[in-house]
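To start, the structure under review is shown below, and the notes come after it.
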Amino acid sequence: MSEKKEASPALKRSWFQELKAEFGKITWPKRNELFKEAAVVLVSAILIGVIIVVVDWLLNLGLQFIW
């Protein structure tokens, strides 16, 4: 069958060391970029909420007209 090849102890690193290395690769957004992106998310959420309310109101109005 297949044999498992184990890495040498010098090449083994703990999970936390690898995690720390990965966090070092992260590029965090600048403060102004973060505020702009957060504003876009909030405006989009509000806009979608308003659209849902309007569609719900129109459907409710249409159903009341039918019944």
Side-chain angles (χ1 to χ4, degrees):
M1 299 289 172
S2 65
E3 296 179 21
K4 271 190 165 179
K5 293 184 180 181
E6 292 191 26
S8 67
L11 295 177
K12 288 185 178 181
R13 295 171 61 181
S14 74
W15 184 81
F16 289 108
Q17 288 173 332
E18 292 179 16
L19 183 65
K20 185 177 178 181
E22 289 298 321
F23 270 111
K25 297 176 186 178
I26 296 173
T27 56
W28 299 100
K30 303 286 185 222
R31 187 177 183 94
N32 60 350
E33 292 174 355
L34 184 64
F35 283 120
K36 287 179 185 177
E37 292 171 1
V40 168
V41 169
L42 288 174
V43 168
S44 299
I46 291 170
L47 184 62
I48 290 171
V50 167
I51 290 171
I52 290 171
V53 167
V54 168
V55 169
D56 182 49
W57 179 73
L58 289 174
L59 288 173
N60 192 12
L61 187 67
L63 288 175
Q64 284 180 359
F65 179 74
I66 291 173
W67 291 0

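Nothing here was measured: the structure is a model prediction, and the numbers come from that model.
Identified under the salt bridge (charged side-chain N to carboxylate O under 4.0 Å, His left out) test for residues 28-57, with sequence neighbours left out: none.
When hydrophobic clusters are built by joining Ile, Leu, Val, Met, Phe, Trp and Tyr residues whose side-chain heavy atoms come closer than 4.5 Å, directly or via intermediates, I51 is not grouped with V43. Both L19 and I26 belong to a single network of hydrophobic side chains, linked directly or stepwise wherever heavy atoms of I, L, V, M, F, W or Y lie under 4.5 Å apart.
Considering I46, V41, L47, V40 as possible partners of S44, the one that fulfils the side-chain contact (heavy atoms from CB on, under 4.5 Å) test is V40.
In this structure, CZ on F16 lies 11.0 Å from CZ on F23, to the nearest 0.5 angstrom.
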